[in-house]
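Taking it in order: structure first as structure tokens, then the write-up.
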Number of protein chains: 2
Amino acid sequence: MLLKENPVSHHDCEACPIRHRAVCARCDSDELELLEEIKYYRSFEAGQHIIWSGDRMDFVGSVVSGIATLTQTMEDGRTQMVGLLLPSDFVGRPGRNGAAYDVVATTDLVMCCFRKKPFEQMMETTPHIAQRLLQMTLDELDAAREWMLVLGRKTAREKIASLLAIIARRNATLHMSNASGELSFDLPLTREAMADYLGLTLETVSRQVSALKKDGVIVLEGKRHVIIPDLERLLEEAGDDSDGGVLG
Amino acid sequence: MLLKENPVSHHDCEACPIRHRAVCARCDSDELELLEEIKYYRSFEAGQHIIWSGDRMDFVGSVVSGIATLTQTMEDGRTQMVGLLLPSDFVGRPGRNGAAYDVVATTDLVMCCFRKKPFEQMMETTPHIAQRLLQMTLDELDAAREWMLVLGRKTAREKIASLLAIIARRNATLHMSNASGELSFDLPLTREAMADYLGLTLETVSRQVSALKKDGVIVLEGKRHVIIPDLERLLEEAGDDSDGGVLG
DNA sequence: CGTCGCCTTGAATCGGATCAATATCAGTGG
DNA sequence: CCACTGATATTGATCCGATTCAAGGCGACG
């Protein structure tokens, strides 16, 4: 495996790529300075465990770059992904000592960590942090509930289409492109990870991806690059309302 | 249907049964007085819709007594329950105008409502409210994620056992009884509601309940009263770790 | 008593899981 | 350059658990 230098060049919060979306988004310069004192960066390689379920946590933090998964595993090995962590997403739970889930980097990843104790203190004294964290947690809760519908009531084909739609929409907003027209992206997940996300087996994932391709809903370049010729069509296949049900 | 008087006798927050568990739990007397000014009570009968998905919301609030469900429905009628609201649970989302889910009372129910605008203002000025709401939302997020494992990876029998275990455990803490030994409770849900919670059909729910009964995991008195002779046994059937994986 | 809502049970069917073989491809070393 | 390896992905055959469709039971209530 390649040795690499520390990829973290920006120790300055003001220049941070997730400055306006992470838990610190509402902080002013004074507050940022306080945060700088309790923060540090950690890098992980693709495949590395960031946190083991049950372990004691002495930090919380934000994903700066890269992608990680949150998973739960039963004793017999069945696993379910319960969250997908993207840049700016928050990791850890203030007020709790043990980790409830495994967190695994699926790509090389950089985290901005805050020492837990001082962070919890800052939450008491700095409403901007608690307010932003509340907002983010409410969004995550909505996402989790949307996912419950997918897991509980959708067919395998609809599940795949839903996942692709979510990734496509996220990429669209990330790159502020036009929401309609042709979209394309690289899948950040293996077939197995997709299966763990969707409550399926990897074979079923593979079959349904092939089926969607055969039916022209998606176009594949290689195994991982996906082109969506018609987002509306994909959303139909996902069983979603055309606008995705997003509310003001 | 019986006409009934307004069952709300306690307009005084200090005497409220959910005083120490609801969103107001951390408020001191001064803050409670401010809340009293923007609050009002509403009663619902079993079966009534409290909120329709997509409707404009002009209040948020807490369940004071009774039980309600949060559900999502697809155009073709498939529905998934995404939350079970018990006394002290919070309804509505500050910072959002439209309701994302249907909320339905499954028993007669009383809500303590706050006018949304002033409540949002109070959240800015009263950290105790935002802090408590954050705590509650994080708990709900954990519950939602635990439910994702149930929906995605458990068998029908395990799903039923999981639901019973959750209700049993909740009742145990509610009545501060000894966690072990014999437990019993009334199911607050119909077979159909259980199916919607578990991502099953009502027939499958019925069959698996019968199977658990035949195998002696549960004892039924009538259709709704459930006795758990051995909680450990039930947890095994649920596929759960014996301690339920709860972390400090 | 008869009706309605809720629940149970049976038989047939189907979607996804399981088991198994093969394909693709990047990396590695001869 | 090619053969070997291991991780990832595809595809086929079969099986099984849950759904679907259908019939009937139970209890509350008018």
Side-chain angles (χ1 to χ4, degrees), chain A residues 1-2 45-48 69 74 76-80 104 106-107 150-164 186-215 218 220-226 237 239, chain B residues 1-2 45-47 74 76-80 104 106-107 150-164 186-215 218 220-226 237 239:
Chain A
M1 212 170 273
L2 277 178
E45 293 181 1
Q48 266 191 302
T69 62
M74 296 169 67
D76 63 7
R78 283 176 282 177
T79 74
Q80 175 65 49
V104 181
T106 65
T107 66
V150 172
L151 289 172
R153 292 304 187 191
K154 291 195 178 180
T155 64
R157 169 182 265 244
E158 289 171 333
K159 285 179 176 181
I160 300 289
S162 297
L163 177 57
L164 295 176
D186 278 310
L187 274 176
L189 302 172
T190 65
R191 297 288 185 264
E192 188 179 24
M194 292 172 68
D196 284 344
Y197 208 149
L198 296 166
L200 297 170
T201 59
L202 67 90
E203 294 96 327
T204 298
V205 170
S206 186
R207 274 186 250 274
Q208 296 298 336
V209 169
S210 297
L212 288 175
K213 173 182 162 190
K214 184 166 69 62
D215 296 346
I218 61 174
L220 288 184
E221 274 175 4
K223 310 276 185 203
R224 293 294 190 87
H225 194 75
V226 180
E237 293 287 354
Chain B
M1 212 169 270
L2 279 179
E45 291 182 1
M74 295 169 67
D76 62 8
R78 282 177 281 177
T79 75
Q80 175 65 50
V104 181
T106 65
T107 65
V150 172
L151 289 172
R153 292 303 187 191
K154 291 195 178 179
T155 64
R157 168 182 265 245
E158 289 170 333
K159 285 179 176 181
I160 300 290
S162 297
L163 177 58
L164 295 175
D186 278 311
L187 272 177
L189 302 172
T190 65
R191 297 290 185 260
E192 188 179 24
M194 291 172 69
D196 284 345
Y197 208 150
L198 297 165
L200 296 170
T201 59
L202 67 90
E203 293 96 329
T204 298
V205 170
S206 185
R207 275 185 250 274
Q208 296 298 337
V209 169
S210 298
L212 288 176
K213 173 181 162 191
K214 183 167 68 64
D215 296 346
I218 60 174
L220 287 184
E221 272 175 6
K223 311 277 183 200
R224 293 293 190 89
H225 193 77
V226 179
E237 292 287 352

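Chain identifiers are assigned alphabetically (A, B, ...) following the order of the sequence lines, protein sequences preceding nucleic acid strands; residue numbering begins at 1 within each chain.
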**OP:** Quick one: closest heavy-atom pair of A:Leu163 and A:Tyr197, and the distance?
**Re:** CD1-CD1, 4.1 Å
Original post:
B:Arg153 has an atom CZ; how far is it from atom C1' of D:dG17, in whole Å?
Top reply: 15 Å
**OP:** Run through A:Val205, A:Leu200, A:Thr201 and flag the one making a side chain to side chain contact (heavy atoms under 4.5 Å, CB included) with A:Glu203.
**Re:** A:Thr201
Subject >> Flag side-chain contact, heavy atom, 4.5 Å: B:Leu212 against B:Leu164 >> reply: yes
Original post:
Given atom CG of A:Leu220 and atom P of D:dT11, what is their separation to the nearest angstrom?
Top reply: 10 Å
Subject >> Length of the CG-C1' vector between B:Leu202 and D:dA22, whole Å >> reply: 13 Å
**OP:** Could you identify which residues of residues 187-195 of chain A place a heavy atom less than 4.0 Å from some atom of DNA chain C, listed by residue number, or say none?
**Re:** none
Subject >> Donor-acceptor contact present, side-chain A:Arg153 to main-chain B:Gln80, <3.5 Å >> reply: no
Original post:
Do B:Val209 and B:Ile218 come close enough that some side-chain heavy atom pair is under 4.5 Å?
Top reply: yes
Subject >> B:Glu203 (side chain) and D:dC21 (base): donor-acceptor pair under 3.5 Å >> reply: yes
**OP:** Decide yes or no for B:Thr190 and B:Thr106: does some side-chain heavy atom of the first lie under 4.5 Å from some side-chain heavy atom of the second?
**Re:** no
Original post:
Does a nitrogen or oxygen in the side chain of A:Ser206 sit under 4.0 Å from OP1 or OP2 of D:dT11?
Top reply: no
Original post:
Quick one: B:Leu151 CG to D:dA18 C1', roughly how many Å, whole number?
Top reply: 15 Å
Subject >> Under 3.5 Å donor-acceptor, B:Ser162 side chain and B:Glu158 backbone >> reply: yes
Original post:
Are the side chain of B:Ser210 and the backbone of B:Ser206 linked by a donor-acceptor contact shorter than 3.5 Å?
Top reply: yes
**OP:** Working to the nearest 0.5 Å, report the span between CG of B:Asp186 and OG1 of B:Thr107.
**Re:** 12.0 Å
**OP:** Go along nucleotides 11-16 of chain C 5' to 3' and tag each nucleotide: B for a protein heavy atom under 4.0 Å from its base, S when only backbone or sugar atoms are that close, - otherwise.
**Re:** B----S
Original post:
Taking atom C1' of D:dT10 as reference, at what distance in whole Å does atom CZ of A:Arg224 sit?
Top reply: 14 Å
Original post:
Nearest heavy-atom pair of A:Gln208 and A:Ala156: which atoms, and what distance?
Top reply: CG-CB, 3.8 Å
Subject >> Any B:Leu187 side-chain heavy atom under 4.5 Å of B:Met194 side chain >> reply: yes
Original post:
Nearest-Å distance, NZ (A:Lys159) to P (C:dA17)?
Top reply: 7 Å
**OP:** Return the value, rounded to whole Å, for the distance between atom CG of B:Leu212 and atom P of C:dT8.
**Re:** 12 Å
**OP:** Find the distance B:Leu198:CG to D:dG17:C1' and express it as a whole number of Å.
**Re:** 16 Å
Original post:
Using the C1' atoms of the five pairs at each end, what is the angle between the end axes of the helix from C:dC1-D:dG30 to C:dG30-D:dC1, to 10°?
Top reply: 20°
